[in-house]
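Step one of this worksheet: look at the structure below.
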Protein chains: 2
Amino acid sequence: MSDSGVADIRTVACIGAGVIGGGWAAYFLSRGLRVRAWDPAPDAADRLRRIVDAAWPALTDLGLADGADPGAIETLPTAADAVAGSGFVQESAPEDLELKRSLLAELAAAAGPGVVVASSTSGFPMSDMATAAADPSRLVVGHPFNPPYLIPLVEVVGGTETAPWATERAAAFYRHLGKSVIEMDRELPGFIANRLQEAIWREALHMVAAGEATPEQIDRSITDGPGLRWPVHGPCLTFHLAGGEGGMAHMLDHFGPSLKAPWTRLDAPELTSELRDDMVAGADVSAGGRPMADLVAERDRAVIAVRRAVAAARGRA
Amino acid sequence: MSDSGVADIRTVACIGAGVIGGGWAAYFLSRGLRVRAWDPAPDAADRLRRIVDAAWPALTDLGLADGADPGAIETLPTAADAVAGSGFVQESAPEDLELKRSLLAELAAAAGPGVVVASSTSGFPMSDMATAAADPSRLVVGHPFNPPYLIPLVEVVGGTETAPWATERAAAFYRHLGKSVIEMDRELPGFIANRLQEAIWREALHMVAAGEATPEQIDRSITDGPGLRWPVHGPCLTFHLAGGEGGMAHMLDHFGPSLKAPWTRLDAPELTSELRDDMVAGADVSAGGRPMADLVAERDRAVIAVRRAVAAARGRA
């Protein structure tokens with residue numbers, strides 16, 4: 001199954017009409033695809049209509065594909081009906097393992113040859129979800145971020161029974177649609193971004209529970225603090241810059257001991273020389289060979305622009 | 001000491017000529033203040049010059065105060081010399097507890113009546129740093145984020161011996177200069193934002209150490225994922241939106257069990273009804289009474305603008 005084949009996919013089945021399923025539907029429609037939807041809720045068609053309508057101005061602002069039609073969505077009476085004739089299946093059912101197991105088995109059985117069934121699960125490994133499927137080879141995790149019509153990231157990872165063609169095809173399809181795809185080598189509960197996000201969330205809950213900070217202080221500490229850097233440089237590159245001219249190597253060699261400080265309830269890993277070297281090499285990859293001064297200038301330009309962008313967006317509220 | 005008095009502060013002593021101390025100096029200069037600096041390094045004046053020069057285009061772009069002069073900085077031979085005649089003292093020495101203790105004692109002794117000595121420490125509680133000072137009443141933590149000339153957040157918190165006038169005056173001064181100030185009620189190692197940031201960082205180090213993700217994947221999972229939401233909505237308001245129309249209450253009642261899932265190495269706190277109610281009330285404060293549809297529209301506008309802002313800033317690299 002070659003990558004180029006994904007351009008032939010013209011219809012996607014969206015299973016689930018919640019915030020994520022509806023957001024996916026809006027995104028697929030904006031890329032000029034047709035959507036065949038299903039959800040057991042009696043008002044599923046209305047819900048999807050509302051989600052697509054709410055998202056369409058943003059999608060129009062970002063730029064629609066030729067032929068994009070917010071009306072090109074049909075809600076079918078059964079999941080199998082939605083899958084019939086679809087070139088890709090995106091499952092966004094509630095986060096319930098037993099439900100996912102039986103639903104994914106049904107979707108895998110209904111899908112045509114070469115059709116990938118991707119799950120939007122925010123945390124279950126596919127190896128745990130695929131157990132009821134007669135043929136789990138086409139089952140892949142394709143985990144988006146809310147809202148799926150705006151946030152580019154999609155984490156793609158298969159289970160032990162997933163065929164390589166299926167993960168490759170899912171990644172190629174999402175990339176073809178303009179998504180930023182991370183293909184993970186191995187399964188990990190919560191994948192990557194949700195583990196990081198959940199670490200923040202748990203520390204925040206601990207602080208509120210202990211009376212150390214209010215939710216409002218926590219929110220502002222991010223929006224007016226490190227949150228302004230994260231759209232441009234992730235946590236590793238951020239600490240690379242924190243090391244000054246010496247970058248990540250200086251940061252780890254100099255501030256390594258502060259890893260032992262009682263910040264957060266998350267225990268620090270042992271900073272072995274191997275981990276240190278992996279982090280330094282990783283920062284070089286993230287930096288793309290650019291000198292520190294360029295990275296700093298990029299960050300400064302971006303933070304200013306982000307501050308203005310957010311202020312303008314708030315002002316229009 | 002009334003808040004209005006802070007407008008009379010025309011000169012700030014900047015102790016330490018590293019990335020943080022130099023960044024503070026650049027910011028104070030951009031607000032039209034004069035800076036008296038000190039650092040034991042023989043090339044301190046040159047370092048400060050380079051940092052101020054590098055920051056000045058960004059500060060000019062953001063808008064300088066009347067009379068702002070990048071040359072209004074003088075490097076003095078001793079810390080006491082720098083403090084003499086200054087209306088506010090910002091200490092940004094290396095993160096070494098013994099060094100901070102003796103330096104803060106010296107600065108407190110040298111400062112004139114009503115002058116606050118604020119420490120940029122990224123994690124030490126003032127009660128631990130103030131132990132050598134004859135009069136610790138004016139010693140306050142004023143923790144900025146890198147770069148201090150661009151990131152608005154400053155966390156302000158006193159130690160057990162700090163006088164209320166000192167924390168109030170520090171907060172008023174930073175606000176007068178345009179900073180986003182969080183006044184903490186109690187001391188907490190790492191304060192708020194660094195605890196949250198460090199939780200992410202530790203989880204990232206664990207993932208790299210375990211071979212689960214590369215630093216580049218970790219960075220992209222943030223920049224192309226949740227990092228795009230964090231400049232506009234912090235972690236609590238983000239999860240409020242994730243709850244759909246039911247907001248934080250629905251999110252906690254529905255997804256509470258997934259707190260038990262093995263995402264991140266950070267143990268989840270017990271989701272007591274009290275914590276649940278505190279989070280729901282806090283989300284209402286953060287939301288400022290705005291209906292969910294307004295919050296979603298604000299997020300969407302902001303995420304689009306942030307994506308464009310970052311893309312433009314990168315394109316100019």
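Letters go in sequence order (proteins before strands), and every chain restarts at 1.
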Is any side-chain heavy atom of [X] closer than 4.5 Å to a side-chain heavy atom of [Y]?
| X | Y | answer |
| --- | --- | --- |
| B:I192 | B:L196 | yes |
| B:E203 | A:L266 | yes |
| A:R290 | A:E298 | yes |
| A:I218 | A:V208 | yes |
| A:T223 | A:R220 | yes |
| B:Q197 | B:N194 | yes |

Taking [options] one by one, which has the highest count of heavy-atom pairs under 4.5 Å against chain B?
| options | result |
| --- | --- |
| A:G190, A:A287, A:A281 | A:G190 |
| A:L228, A:T238, A:L295, A:L188 | A:L188 |
| A:T264, A:I182, A:L153 | A:T264 |
| A:P235, A:A209, A:A302 | A:P235 |
| A:P144, A:P189, A:A213, A:A305 | A:P189 |
| A:E155, A:R229, A:E95, A:E216 | A:R229 |

Residue selection (most heavy-atom pairs with chain A, distance under 4.5 Å) from [options]:
| options | value |
| --- | --- |
| B:I304, B:D278, B:V19 | B:I304 |
| B:E212, B:R202, B:E187 | B:R202 |
| B:M184, B:E270, B:E198 | B:E198 |
| B:A199, B:G282, B:A283 | B:A199 |
| B:V285, B:T272, B:L205, B:V306 | B:L205 |
| B:P215, B:P231, B:A58 | B:P231 |

Measure distances from [X] to the heavy atoms of chain A and classify the residue's part below 4.5 Å as side chain, backbone, both or neither.
| X | answer |
| --- | --- |
| B:V232 | both |
| B:E183 | backbone |
| B:S180 | both |
| B:L59 | neither |
| B:R265 | both |
| B:V157 | neither |
| B:A55 | neither |
| B:L275 | side chain |
| B:D185 | neither |
| B:S122 | both |

Checking heavy atoms, do the side chain of [X], its backbone, both or neither come under 4.5 Å from chain B?
| X | result |
| --- | --- |
| A:L62 | both |
| A:V303 | side chain |
| A:A204 | both |
| A:V181 | backbone |
| A:L97 | neither |

Considering all heavy atoms, the nearest [X]-[Y] contact:
| X | Y | value |
| --- | --- | --- |
| A:C236 | A:M248 | O-CE, 3.2 Å |
| B:A41 | B:R47 | CB-NH2, 3.2 Å |
| B:S221 | A:A193 | O-CB, 3.6 Å |
| B:R276 | B:D253 | NH2-OD2, 2.8 Å |
| A:D219 | B:L237 | OD2-N, 3.0 Å |
| A:K100 | A:P94 | CE-O, 3.5 Å |

>> For A:Y27, is there any backbone N or O sitting under 3.5 Å from a side-chain donor or acceptor partner on A:S30?
In response: yes
>> Test of understanding: with ring pair (Phe, Tyr, Trp, His ring centres under 6.0 Å), list the residues that count as partners of B:Y174, not counting sequence neighbours.
In response: B:W24, B:F88
>> Show every ring-ring contact (aromatic ring centres under 6.0 Å, His included) that has at least one partner inside residues 270-310 of chain B, sequence neighbours left out.
In response: none
> What ring-ring contact (aromatic ring centres under 6.0 Å, His included) pairs are there with at least one residue in residues 193-233 of chain A, not counting sequence neighbours?
Replying inline: A:W201-B:F239, A:W230-B:W230
> Can A:K179 and B:D224 be counted as an ion pair, charged N to O under 4.0 angstrom?
Replying inline: no
> To the nearest 0.5 Å, what is the distance between CZ (B:R195) and CD1 (A:I200)?
Replying inline: 13.0 Å
>> For the CE atom of A:M279 and the CG atom of A:D284, what is their distance to the nearest 0.5 Å?
In response: 11.5 Å
> How would you list, in number order, the residues of residues 145-152 of chain A that have a heavy atom less than 4.5 Å from chain B?
Replying inline: A:F145, A:N146, A:P147, A:Y149, A:L150, A:I151, A:P152
